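Read the structure below first, then the notes.
Here the structure is a predicted model, which means the values were calculated and not measured.
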Amino acid sequence: MNTAHGTLLAGVLTALAGLLLWRYTGGVDLPVTTPSRAGVVLMCVGAAEALLGAFRAVRATQGRPR
């Protein structure tokens, strides 16, 4: 697996973990932050990473250097 596909996979898994945190930990309160807010942040970071991986994969298929 090259780096573009690895980045895409990591982004999707991070966004999925964030979605699960956001969806199923709504009633949990921790001293610093709530897990649901951390889930929203993870979803945003995961989506950005997935877009970066998709961009790198498309760019690599066009024959351009990485």
Side-chain angles (χ1 to χ4, degrees):
M1 180 183 319
N2 62 15
T3 58
H5 291 102
T7 303
L8 180 63
L9 179 64
V12 169
L13 291 177
T14 304
L16 180 63
L19 178 68
L20 291 174
L21 275 175
W22 174 70
R23 178 68 176 105
Y24 295 110
T25 61
V28 177
D29 289 327
L30 297 176
V32 177
T33 185
T34 60
S36 60
R37 286 186 183 177
V40 171
V41 171
L42 279 175
M43 284 191 294
C44 294
V45 169
E49 191 172 9
L51 286 174
L52 177 65
F55 173 74
R56 286 182 177 173
V58 168
R59 188 172 173 200
T61 59
Q62 293 176 350
R64 295 181 181 158
R66 295 179 196 184

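Contact detail for A57 and A4: the closest heavy-atom pair is N-CB, 3.5 Å.
Grouped by direct or indirect side-chain proximity (heavy atoms under 4.5 Å, Ile/Leu/Val/Met/Phe/Trp/Tyr only), L51 sits alone.
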Show the atom names and distances, to 0.1 Å, of all donor-acceptor pairs under 3.5 Å that link a side chain in residues 11-34 to residues at least two apart or in another chain.
from	atom 1	to	atom 2	distance (Å)
T14	OG1	A10	O	2.7
T25	OG1	L21	O	2.3
T34	OG1	S36	OG	3.4
T34	OG1	R37	N	3.4

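Remark: A38 pairs with no residue by the side-chain contact (heavy atoms from CB on, under 4.5 Å) rule, at least two apart or across chains.
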